[in-house]
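Data first, discussion second: the structure below is written as structure tokens.
If you're wondering where the values come from, they're calculated on a predicted model, not measured in any experiment. Excluded from the calculations below are hydrogen atoms, water molecules and symmetry mates; all remaining heavy atoms, backbone and side chain alike, are included.
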Amino acid sequence: MKLNSLTPARGSVKNQKKRLGRGQGSGKGGTSTKGHKGAQSRSGYSAKRGFEGGQMPLHKRVPKFGFININRREFRGINLDAIQKLVEDKKTPVVDVAFFISHGLASKNDRIKILGRGEFKLKLEIQAHAFSASAKTAIEGKGGVATKV
């Protein structure tokens with residue numbers, strides 16, 4: 001143990017808060033470290049969220065771009081290779097929306113679109129909300145049926 005390694009016990013020393021407005025002799029009297037005049041020197045002051053002292057706020061300075069279509073219909077994309085793998089395990093002739101929901105590929109509020117990734121080798125009847133052109137030709141090419149719900 002050396003003098004330079006001594007420290008007080010934990011919790012025994014507290015950082016005292018600045019005691020403002022306790023007379024000129026304290027060094028923090030008079031304006032109580034708030035400066036002269038202006039909103040921040042007054043009692044009850046609180047800035048609005050994003051307020052930057054009259055400077056144009058960041059959320060107004062940053063350029064906005066793009067377009068959000070409020071009528072857009074979102075689809076859950078499911079590829080043919082995923083369907084083929086699942087059907088080979090489960091051995092089912094008809095694949096519909098309930099099948100996708102029960103096997104965790106979609107939730108009950110999802111609209112389902114079948115996409116054409118992967119090689120498709122099965123003759124199936126697939127029911128979904130939408131089909132890509134490549135998926136539809138792949139399904140019908142093997143003698144299956146692609147039905148829109």
Side-chain angles (χ1 to χ4, degrees), residues 4-22 27-28 31-149:
N4 66 349
S5 66
L6 291 176
T7 55
R10 264 189 83 197
S12 66
V13 178
K14 295 186 173 96
N15 291 333
Q16 291 292 331
K17 191 178 159 196
K18 275 186 194 176
R19 295 188 72 229
L20 306 176
R22 293 295 180 272
K28 298 188 174 45
T31 59
S32 301
T33 73
K34 294 181 174 211
H36 296 281
K37 298 186 182 176
Q40 294 180 47
S41 72
R42 315 286 186 200
S43 66
Y45 168 77
S46 63
K48 289 187 170 70
R49 188 182 61 176
F51 182 68
E52 296 185 21
Q55 173 176 300
M56 186 62 68
L58 182 69
H59 68 90
K60 289 188 176 184
R61 289 196 307 263
V62 174
K64 281 93 178 150
F65 56 89
F67 170 75
I68 297 170
N69 184 358
I70 60 169
N71 298 316
R72 177 178 163 79
R73 284 184 155 172
E74 291 283 339
F75 287 96
R76 169 74 57 160
I78 301 173
N79 282 294
L80 287 175
D81 56 359
I83 295 169
Q84 179 166 317
K85 187 177 178 189
L86 202 62
V87 170
E88 284 172 353
D89 295 343
K90 306 296 179 201
K91 305 281 191 264
T92 179
V94 178
V95 177
D96 58 353
V97 175
F99 178 84
F100 294 123
I101 293 168
S102 63
H103 291 88
L105 291 175
S107 68
K108 65 178 184 173
N109 297 325
D110 285 339
R111 300 173 68 80
I112 297 168
K113 183 171 184 173
I114 308 301
L115 305 174
R117 186 184 72 196
E119 200 171 318
F120 196 63
K121 302 171 188 156
L122 303 169
K123 181 181 178 182
L124 279 177
E125 182 183 336
I126 300 179
Q127 298 173 358
H129 297 105
F131 294 87
S132 70
S134 60
K136 196 163 190 170
T137 56
I139 294 165
E140 291 170 353
K142 294 293 177 187
V145 182
T147 312
K148 277 192 179 180
V149 177

Worksheet entry | Verdict with supporting geometry, Val149 and Asp96, side-chain contact (heavy atoms from CB on, under 4.5 Å) | CA-CA 9 Å; Val149 177; Asp96 58 353; over 6 Å; no
Item to complete: Dump the intermediate steps for side-chain contact (heavy atoms from CB on, under 4.5 Å) on Leu86 and Val95, then the final yes or no.
Response: CA-CA 10 Å; Leu86 202 62; Val95 177; over 6 Å; no
Discussion item. For Phe100 and Ile114: C-alpha separation, side-chain torsions, deciding distance, then whether side-chain contact (heavy atoms from CB on, under 4.5 Å) applies.
Written reply: CA-CA 11 Å; Phe100 294 123; Ile114 308 301; 3.8 Å; yes
Practice prompt. Please test His103 against Lys90 for side-chain contact (heavy atoms from CB on, under 4.5 Å), starting from the C-alpha separation and ending with a verdict.
Written response: CA-CA 10 Å; His103 291 88; Lys90 306 296 179 201; 3.5 Å; yes
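By the neighbour-count criterion of 12 heavy atoms within 6.0 Å, atom NE2 of His36 is sparsely surrounded, having that number or fewer from other residues, nucleotides or ligands. In the displayed structure, Gln55 atom CD is contacted under 6.0 Å by more than 12 heavy atoms of other residues, nucleotides or ligands. Counting non-hydrogen atoms of neighbouring residues, nucleotides and ligands closer than 6.0 angstrom, the CZ atom of Arg19 reaches no more than 12 such neighbours. Heavy-atom contacts from other residues, nucleotides or ligands closer than 6.0 Å to CG of Asn4 number more than 12.
Side-chain atoms of Arg22 come within 3.5 Å of backbone N or O of Leu20 as a donor-acceptor pair. Lys64 places a side-chain N or O within 3.5 Å of a backbone atom of Val62 that can act as its donor or acceptor partner. In this structure, Lys14 contributes its side chain and Gly11 its backbone to no donor-acceptor pair below 3.5 Å. Looking only at distances, a side-chain donor or acceptor of Arg61 sits under 3.5 Å from a matching main-chain atom of Met56.
Lys113 NZ to Ile78 CD1: the interatomic distance, rounded to the nearest 0.5 Å, is 12.5 Å. Annotation: the span from Glu52 atom CD to Leu58 atom CG amounts to 6.0 Å, rounded to 0.5 Å. With values rounded to the nearest 0.5 angstrom, Gln84 atom CD is found 6.0 Å from Phe120 atom CZ. Separating the CD atom in Glu88 from the CG atom in Leu122 is a distance of 5.5 Å, to the nearest 0.5 Å. One finds the NZ atom of Lys28 at 5.5 Å from the NZ atom of Lys18 (value rounded to the nearest 0.5 Å). Rounded to the nearest 0.5 Å, atoms OG1 (Thr92) and CD1 (Ile83) are 12.0 Å apart.
Considering every non-hydrogen atom in both Ala135 and Leu115, the closest pair reads CB-C, 3.7 Å. Closest approach of Gly35 and Ser41 over heavy atoms only: O-CB, 4.2 Å. Looking at every heavy atom in both residues, Ile112 comes nearest to Ala106 through CD1-CB, 3.9 Å. What you find for His129 and Asp110 is that their closest heavy atoms are CE1-O, 3.7 Å. For Lys142 against Lys121, the heavy-atom pair with the smallest separation is CE-CA, 4.2 Å. Phe75 and Ala130 get closest at one heavy-atom pair: CE2-CB, 3.8 Å.
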